[in-house]
There are 2 protein chains.
Amino acid sequence: MKLDRIDLKILKHIQTNAKTTNQDLAALVALSPSSCLQRVRRLEAEGIITGYYATLNLAKVSRHIMCIATVSMKNHSAKDFRKFESAVESIPEIVECYTVSGEFDFFLRIVCPNMARYLEINEMLVGSVNYSLKINTHVVMNENKVFKGIDLSKLSSDD
Amino acid sequence: MKLDRIDLKILKHIQTNAKTTNQDLAALVALSPSSCLQRVRRLEAEGIITGYYATLNLAKVSRHIMCIATVSMKNHSAKDFRKFESAVESIPEIVECYTVSGEFDFFLRIVCPNMARYLEINEMLVGSVNYSLKINTHVVMNENKVFKGIDLSKLSSDD
DNA sequence: ACGAGCCGCCGAATATAATTCGGTATAAGG
DNA sequence: CCTTATACCGAATTATATTCGGCGGCTCGT
C-alpha cells in the first residue's frame with residue numbers, strides 16, 4: 001500500500017496528537033471529515049497505525065527507578081536466545097528489549113519500584129539461561145529526550 | 001495530589017487505549033460518564049497524563065534503520081554535557097536519550113533513513129564537543145519488546 | 001452529637017463529533 | 001470512448017462529549 005502526502009500528514013499529526021478530533025484533523029489536511037475518517041480507518045485496517053497510547057508523568061504516579069541494561073550471551077545458541085527472550089517477555093517491568101549487533105546482544109529498559117525488585121529481575125534473567133550471560137546495569141539519571149514519535153519528513157525523503 | 005484506585009484504573013487503561021470513548025471508560029471504572037470525564041480532565045490538568053500518541057508500524061511507512069548508541073564523554077565538564085545535550089536535542093532522528101550511571105554517560109536511540117545519514121549524525125555528535133567523546137553503535141536487528149506503557153500495578157504496590 | 005461546608009457523584013439537557021450513505025467527479029484501463 | 005474503480009463531498013443520523021444543577025456523604029469545628 002502506498003501512502004500519499006495526505007496520509008503522511010495525518011500520520012505525522014496523530015503520532016503526537018492522537019486525540020485530535022476527526023473534524024480538526026480533516027481541516028488540517030484540507031479534506032472533508034468523512035474523507036479524512038475514511039483514510040484514518042484505512043491506516044488502522046492496514047496496520048500502519050498500530051495503537052493509541054496515553055503517556056504519563058510516572059514520577060507523579062509513584063516512586064520508581066529506571067535502568068538500562070546491556071546483555072551479552074556467553075553462549076550464542078538459538079536455544080539460549082529463545083529462553084532469554086521468553087524470560088524478557090514474562091517480566092512486565094522490562095518495558096523495551098532490542099536485539100542488536102556489536103559487543104552486546106540485547107538492550108533492555110526496565111522500570112521497577114526499587115532496587116530490590118531490580119535484583120530479582122536480574123536473577124530471573126540470568127537464571128533463564130543457566131547463568132551464561134552477562135548483564136551490565138546503568139541507572140537512568142535523566143531523561144534528556146523522551147520518545148515523541150518519528151520525524152516522518154526525515155524518513156520519507158528517502159523513498 | 002493523590003490518586004485513588006479509580007484514577008489508577010483509568011491511567012492503566014488509557015495508557016494503551018487512548019481512544020477509548022469516555023462512555024466506555026466510565027463503564028469500565030464504574031462511574032457515570034460525567035464523573036469519569038472530570039477525573040480524566042483533572043489527570044490532564046495535573047500533568048499526570050502528558051499526551052496522547054498514535055504508534056505506527058514504521059516498516060510499512062518507509063525504509064529505515066534503527067540504532068542504539070552508547071556515548072562516553074572523555075571530558076566530564078558541565079560545559080561539554082550541555083553542548084552534547086543540545087546537539088542531541090537538535091537532531092530529530094535521535095528519538096530517545098538517557099543520561100546514565102556506569103561505564104557510559106548516555107544511551108541514544110536513533111531512527112534514520114540509512115547509514116549515510118547515521119554517519120552524519122555521528123559526526124554532528126562528535127563534533128559538538130570537539131571530538132572528546134566515544135560513540136559505540138549497535139544496529140537494532142529485532143525489537144523483541146516495544147514500549148507499551150508501564151505496569152502500574154507493579155509500581156503502585158510500593159507506595 | 002450536630003450543622004456547615006466541601007467533594008465527588010449522578011442524570012438530564014445541550015453541544016460537538018463520528019459515522020453512514022448516496023451522489024459526483026476524476027483517472028486509469030480496455 | 002466507454003467502463004470501472006477510487007476518492008471525494010455534504011446531508012442526515014447516530015453517538016459521544018460536555019455542562020450544570022442538585023444530591024448525598026464526610027470532615028471538622030463547636
Side-chain angles (χ1 to χ4, degrees), chain A residues 1-62 148-149 152-153 155-157 159, chain B residues 1-62 148-149 152-153 155-157 159:
Chain A
M1 173 188 174
K2 55 187 179 348
L3 304 173
D4 65 15
R5 195 178 304 99
I6 296 180
D7 290 318
L8 287 176
K9 223 168 174 176
I10 291 173
L11 293 176
K12 191 169 175 172
H13 183 78
I14 64 172
Q15 247 194 133
T16 50
N17 296 91
K19 296 262 279 195
T20 304
T21 67
N22 181 54
Q23 301 200 350
D24 290 350
L25 189 59
L28 195 73
V29 301
L31 280 184
S32 70
S34 49
S35 307
C36 184
L37 185 63
Q38 189 184 39
R39 278 172 181 265
V40 172
R41 291 284 177 263
R42 189 168 46 112
L43 292 167
E44 290 169 353
E46 298 273 348
I48 291 167
I49 297 171
T50 53
Y52 297 99
Y53 292 79
T55 55
L56 310 181
N57 181 340
L58 211 54
K60 293 191 177 180
V61 177
S62 104
K148 284 198 153 55
L152 296 180
S153 60
L155 285 183
S156 58
S157 63
D159 287 322
Chain B
M1 173 188 173
K2 53 188 179 347
L3 303 173
D4 65 16
R5 195 178 304 97
I6 296 181
D7 290 318
L8 287 176
K9 224 168 174 177
I10 291 173
L11 293 176
K12 191 168 175 172
H13 184 78
I14 64 173
Q15 248 194 132
T16 50
N17 297 90
K19 296 261 281 195
T20 304
T21 65
N22 181 54
Q23 300 199 351
D24 291 349
L25 188 60
L28 195 75
V29 302
L31 278 185
S32 69
S34 50
S35 307
C36 184
L37 185 63
Q38 188 184 40
R39 277 173 182 265
V40 172
R41 291 285 176 263
R42 188 169 47 114
L43 293 167
E44 290 169 353
E46 298 274 348
I48 290 167
I49 298 171
T50 53
Y52 296 99
Y53 292 79
T55 55
L56 310 181
N57 181 339
L58 212 53
K60 294 190 177 180
V61 176
S62 105
K148 285 197 155 54
L152 296 180
S153 59
L155 285 183
S156 57
S157 64
D159 288 321

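For clarity, every value in this text was computed on a predicted model and none was experimentally measured. Order of the sequence lines sets the chain letters (A, B, ...), proteins ahead of strands, with each chain counted from 1.
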task = Grab the CE-P distance between B:Met1 and C:dC7 for me, whole Å please.
result = 13 Å
query = In chain order, what residues pass the side chain to side chain contact (heavy atoms under 4.5 Å, CB included) check against A:Arg41, with sequence neighbours excluded?
reply = A:Leu37, A:Glu44
Gap between atoms CZ and P, on B:Arg39 and D:dT18 respectively (whole Å) = 17 Å
request  = Figure out the CD1/P separation between B:Ile6 and C:dC9, and round it to whole Å.
outcome  = 6 Å
request  = Take atom CG of B:Leu3 and atom P of C:dG8, then tell me their distance rounded to the nearest Å.
outcome  = 12 Å
Could you give the side-chain donor-acceptor pairs of residues 11-18 of chain B under 3.5 Å, partners two or more places apart or in another chain?
from, atom 1, to, atom 2, distance (Å)
B:His13, NE2, B:Thr20, OG1, 2.9
B:Gln15, OE1, B:Ile150, N, 2.6
B:Gln15, NE2, B:Ile150, O, 2.8

Please list, for nucleotides 4-6 of chain D, all pairs of protein and nucleotide N/O atoms separated by less than 3.5 Å.
none

Contact list for DNA chain C against residues 40-54 of chain A - heavy-atom distance below 4.0 Å = A:Arg41
message = Within the structure provided, determine whether B:Tyr53 and A:Lys148 are in side-chain contact (heavy-atom separation under 4.5 Å).
response = yes
inquiry  = Output one letter per nucleotide in nucleotides 10-15 of chain D: B when a protein non-hydrogen atom lies under 4.0 Å from the base, S when only the sugar-phosphate is that close, - when neither is.
reply    = B-----
request  = Provide, to the nearest angstrom, the distance between the CG atom belonging to B:Leu31 and the P atom belonging to C:dG11.
outcome  = 11 Å
query = B:Asn22 CG to C:dA17 P: how many Å, rounded?
reply = 15 Å
message = Counting C-beta onward and ignoring hydrogens, is there a side-chain heavy-atom pair between B:Leu56 and A:Leu43 closer than 4.5 Å?
response = no
ask   = Of the non-hydrogen atoms in B:Ile49 and A:Ala54, which two are nearest, and what is the gap between them?
value = CG2-CB, 4.4 Å
note = Residues B:Glu46 and A:Lys60: closest non-hydrogen pair is O-NZ, 2.9 Å
request  = Would you indicate whether the side-chain heavy atoms of A:Ile48 and A:Asp7 approach each other to under 4.5 Å?
outcome  = no
ask   = Where the side chain of B:Thr21 is concerned, which of D:dA17, C:dG8, C:dA17 is the nearest nucleotide?
value = D:dA17
ask   = Tell me, do A:Val61 and B:Leu8 make a side-chain contact under 4.5 Å, heavy atoms counted?
value = yes
key: Residues within residues 9-16 of chain B bordering DNA chain D, heavy-atom distance below 4.0 Å   = none
inquiry  = How many whole angstroms separate atom CG of A:Asp4 from atom C1' of D:dC8?
reply    = 13 Å
ask   = Are the side chains of A:Leu152 and B:Ser62 in touch, meaning some heavy atoms are under 4.5 Å apart?
value = no
Sub-4.5 Å side-chain heavy-atom contact between A:Leu28 and A:Ile10 = no
remark   = To the nearest angstrom, the CG-C1' distance between B:Leu37 and D:dA17 comes to 7 Å
